[in-house]
Amino acid sequence: MDKVQSNRKITTMGLVLIIFSTIFGISNSQTAFYQMGYASATWYILGALLFFIPTSLMFAEYGSTFKDAHGGIYSWLEKSIGKKWAFIGSFTWLAGWVLTLVSLLTNMWIPLSVTFSGVDKTQTWSLLGLNSNETIGILSVFAIILITWVANRGLNAITQISYFSGIISVIDIIIFVGLSVWLLVLQGGHFAEPITMHSVTQSPNSAFQSPVSIFSFLVYAIFAYAGMETLGGVTDNTKNAKKTFPRAVIIATVFMTLSYVVSIFICGISANWLKDLSGSNINLGNVRYFMVTNLGSMFGEKALHMNAANSVVLGQWISRFMSLTGFISYFGEFLFLIYAPIKSFIEGSPKDFWPKKMTKLNQNGIPSFALWIQTLVVCLIVLGVSFGGSTAQAFYTILTDMNNITTAVPYLFLVVAFPFFKKNFANNQVGAIFYHRRITINFVTVITMATLALSIIFTSLQPILDHDLQTAFWTVFGPVFFIIVAWIFYNRANKKSLK
């Protein structure tokens with residue numbers, strides 16, 4: 001969603017920094033280590049080679065050719081494969097952000113709990129006799145109503161909080177990496193999770209042992225590199241884009257892939273998977289805080305020579321601080337995402353498709369009615385999942401898988417549309433051009449499409465093979481539901497506009 005507004009041209013290193021800061025997140029590495037251990041590093045490398053590099057260059061061509069279009073990916077798809085699929089594809093893209101809101105909303109209570117308690121106690125929360133998941137669901141509904149009200153106050157409030165939360169995120173990375181490296185030196189280079197041929201090729205997690213479950217992890221790697229489509233439009237502000245953009249993409253890919261791989265191994269400095277992360281009280285929502293607490297405890301023992309009890313207290317206080325910063329980061333990211341995607345989609349898609357209330361801006365320049373409709377949808381999904389009767393581990397796995405798959409699906413539309421885009425603009429394509437030969441275009445499209453499709457299929461298939469029908473339903477629910485809604489909405493709006 002970043003917008004680059006400057007008369008100065010972006011250099012190679014400037015673009016590398018923009019790409020890295022927009023996409024990289026150390027929490028992705030912590031999640032990867034929790035799910036696959038060191039073996040996850042291989043899939044992050046494959047994600048970069050099979051997804052990030054080819055799609056980044058595609059999006060650069062889209063963005064430079066349609067640099068004056070304000071509809072984002074809707075404009076790209078409309079001029080490549082027509083209005084109908086453009087609307088469905090971009091609507092699914094918006095759905096991905098909506099489910100990201102759901103995931104952020106339900107996860108933000110964990111750092112709040114750790115801030116006050118020193119440990120994650122959300123699994124013990126109960127409101128009016130409800131279980132922990134249901135309680136989080138109710139609290140999340142009240143929270144998004146409050147955040148939507150704040151967002152309606154105007155863009156100034158949004159940007160100030162988002163900017164502050166971005167700085168906080170950098171501080172988190174510095175603390176985690178700095179303490180880990182210091183601890184590694186004190187341990188004489190020894191890792192809590194030993195690095196062996198077995199540990200780098202096989203997951204210690206029993207949930208990732210079969211070929212289907214292992215390959216399904218690729219969707220997590222794809223999600224870790226997602227977001228490049230939001231930067232496709234900066235090519236017209238890039239100095240010598242034809243050379244600078246691919247060079248920056250390659251440098252950023254190498255740097256980001258190495259950062260992810262190194263971060264995954266950094267997790268193993270203080271955390272032994274079987275000893276520290278295999279407990280039933282650990283899930284995708286709270287694993288990073290368990291890892292931080294464990295890191296702080298080991299640092300207190302090794303660096304400050306504290307006894308076991310005091311080391312645990314130090315670990316909890318470090319975790320409290322990073323949980324507070326994490327909560328602020330969640331809030332800032334949530335506040336930005338509740339506004340930016342839906343505004344971009346509504347402004348880019350045909351105005352006659354929408355009721356006047358949806359496109360109307362309030363006195364602060366915010367599409368207020370559209371935000372409240374989005375809030376209603378988020379509330380219904382949150383309540384549906386939280387009252388579904390799943391365990392805490394299953395609850396956060398469902399939310400993460402549903403979010404990852406729905407985020408991955410729109411990329412299928414963009415990749416499939418790329419050969420049509422190249423054909424339609426073969427003689428009048430302007431700006432940066434990276435794919436010239438038809439055989440190269442088709443080869444890259446097929447490989448990238450196969451990577452996306454297989455990762456989505458295997459992620460959807462795994463809970464079915466595990467006879468976990470509830471997880472299977474919600475995992476597939478996101479993209480299928482929103483594609484159907486988009487299809488129905490488009491056909492009704494199109495018939496109305498033809499009358």
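Just so it is clear, the values below take in all heavy atoms, side chains as well, and ignore hydrogens, waters and symmetry mates. Residue numbers run from 1 in the order of the sequence given.
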d(Leu99 CG, Leu105 CG) to nearest 0.5 Å is 12.0 Å
Query raised in the report: Do Lys79 and Phe425 touch side chain to side chain, with heavy atoms closer than 4.5 Å?
Result: yes
| message | Just checking Phe458 against Phe217, ring centres under 6.0 Å apart? | response | no
To the nearest 0.5 Å, atom CD1 of Ile144 lies from atom CG of Leu139 at 13.5 Å
- Query: Are Phe24 and Phe255 close enough that their ring centers fall under 6.0 Å?
  - Reply: no
query: Is a side-chain N or O of Thr257 found less than 3.5 angstrom from the main chain of Val254, in a donor-acceptor match?
result: no
Got a donor-acceptor contact below 3.5 angstrom from the Asn283 side chain to the Asn286 backbone? yes
Query raised in the report: Would you say the side chains of Trp109 and Thr135 form a donor-acceptor pair under 3.5 Å?
Result: no
> With a 4.5 Å limit on heavy-atom distance, are the side chains of Leu414 and Leu77 in contact?
Replying inline: yes
Any side-chain heavy atom of Tyr490 within less than 4.5 Å of one from Lys83?
yes
The ring-ring contact (aromatic ring centres under 6.0 Å, His included) partners of Tyr225 (sequence neighbours excluded) come to Phe52, Tyr260
* For the residue pair Thr253 and Ile250, establish whether any side-chain heavy-atom pair is separated by less than 4.5 Å. => no
Quick note, salt bridge (Lys or Arg N to Asp or Glu O under 4.0 Å) partners involving residues 413-426, not counting sequence neighbours, are Glu61-Lys422
- Query: Looking only at atom types and distance, does a side-chain atom of Tyr44 sit under 3.5 Å from a main-chain N or O of Ile222, one as donor and one as acceptor?
  - Reply: no
Is the closest side-chain heavy-atom distance between Leu284 and Leu399 below 4.5 Å? no
Steps toward side-chain contact (heavy atoms from CB on, under 4.5 Å) verdict (Trp487, Lys84) | CA-CA 8 Å; Trp487 188 291; Lys84 183 174 185 177; 3.4 Å; yes
Of all heavy-atom pairs linking Ala39 and Ser203, the shortest is CB-N, 4.0 Å
Sequence neighbours excluded, the answer for side chain to side chain donor-acceptor pair (under 3.5 Å) partners of Asp401 is Tyr220
Check: Any chance the rings of Phe418 and Tyr62 have centres within less than 6.0 Å?
Finding: yes
Heavy-atom nearest pair, Asn403 first then Thr407, reads O-OG1, 2.7 Å
_Please determine whether ring-ring contact (aromatic ring centres under 6.0 Å, His included) holds for the pair Trp76 and Phe413, giving the CA-CA distance in whole Å, both sets of side-chain angles, and the decisive distance to 0.1 Å._
CA-CA 10 Å; Trp76 301 356; Phe413 286 87; over 10 Å; no
Tell me if a side-chain donor or acceptor on Gln470 pairs with a main-chain N or O of Gly388 at a distance below 3.5 Å.
yes
- prompt: Between Phe369 and Trp372, is the ring centre distance below 6.0 Å?
  reply: no
dist Ser368:OG -> Trp149:CH2 (nearest 0.5 Å) comes out at 12.0 Å
Exercise. Hey, is the main chain of Phe208 close enough, under 3.5 Å, to the side chain of Gln35 for a donor-acceptor pair?
Worked result: no
Closest heavy-atom pair, Pro419 versus Asn442, reported as atoms and distance to 0.1 Å, is CB-OD1, 4.4 Å
Next on the checklist: Checking side-chain polar atoms at under 3.5 Å, does Asn133 have a donor or acceptor matched by the opposite partner on Ser386?
Outcome noted: no
Here the gap from Phe345 atom CZ to Trp97 atom CH2, rounded to the nearest 0.5 Å, amounts to 15.0 Å
query: Between Ser113 and Thr122, does any side-chain donor sit less than 3.5 Å from a side-chain acceptor?
result: no
dist Phe473:CZ -> Ile398:CD1 (nearest 0.5 Å) comes out at 10.5 Å
Paired with Phe482, the side chain to side chain contact (heavy atoms under 4.5 Å, CB included) test is passed by just one of Val409, Val377, Leu94, namely Val377
* Asked: Does Thr471 use its side chain to pair, donor to acceptor, with the backbone of Asp468 at less than 3.5 Å?
  -> no
Taken to the nearest 0.5 Å, the spacing of Thr459 OG1 from Ile405 CD1 works out to 5.0 Å
inquiry  = Does atom CZ (Phe420) have a neighbourhood of more than 12 heavy atoms from anything else shown, all under 6.0 Å?
reply    = no
Practice item. Would you please indicate yes or no on a ring centroid separation below 6.0 angstrom for Phe481 and Trp474? Key: no
Quiz item: Is there side-chain contact between Ile483 and Ile88, with heavy atoms separated by less than 4.5 Å?
Solution: yes
**Study point:** Minimum side-chain heavy-atom gap Val102-Val385 below 4.5 Å
**Key:** no
Check: Is there a donor-acceptor contact under 3.5 Å linking the side chains of Ser103 and Thr100?
Finding: no
(Q) Using the rule given for side-chain hydrogen bond (donor to acceptor under 3.5 Å, both in side chains), can you reason through Ser140 versus Thr106, listing the C-alpha separation, both sets of side-chain angles and the distance that settles it, and then say yes or no? (A) CA-CA 6 Å; Ser140 297; Thr106 52; 5.9 Å; no
request  = Using atom types as modelled and distance alone, determine if a side-chain donor or acceptor of Asn424 lies under 3.5 Å from a backbone N or O of Ser80.
outcome  = yes
request  = Could you tell me whether the side chain of Met449 reaches within less than 4.5 Å of the side chain of Val416, counting heavy atoms only?
outcome  = yes
Polar side-chain atom of Thr55 near backbone of Phe51 as donor-acceptor pair, under 3.5 Å: yes
Heavy atoms of Thr12 and Ala248 approach each other most closely as O-CB, 3.8 Å
TODO: Walk me through it: do Ser210 and Ser213 pass the test side-chain hydrogen bond (donor to acceptor under 3.5 Å, both in side chains)?
DONE: CA-CA 5 Å; Ser210 69; Ser213 63; 3.0 Å; yes
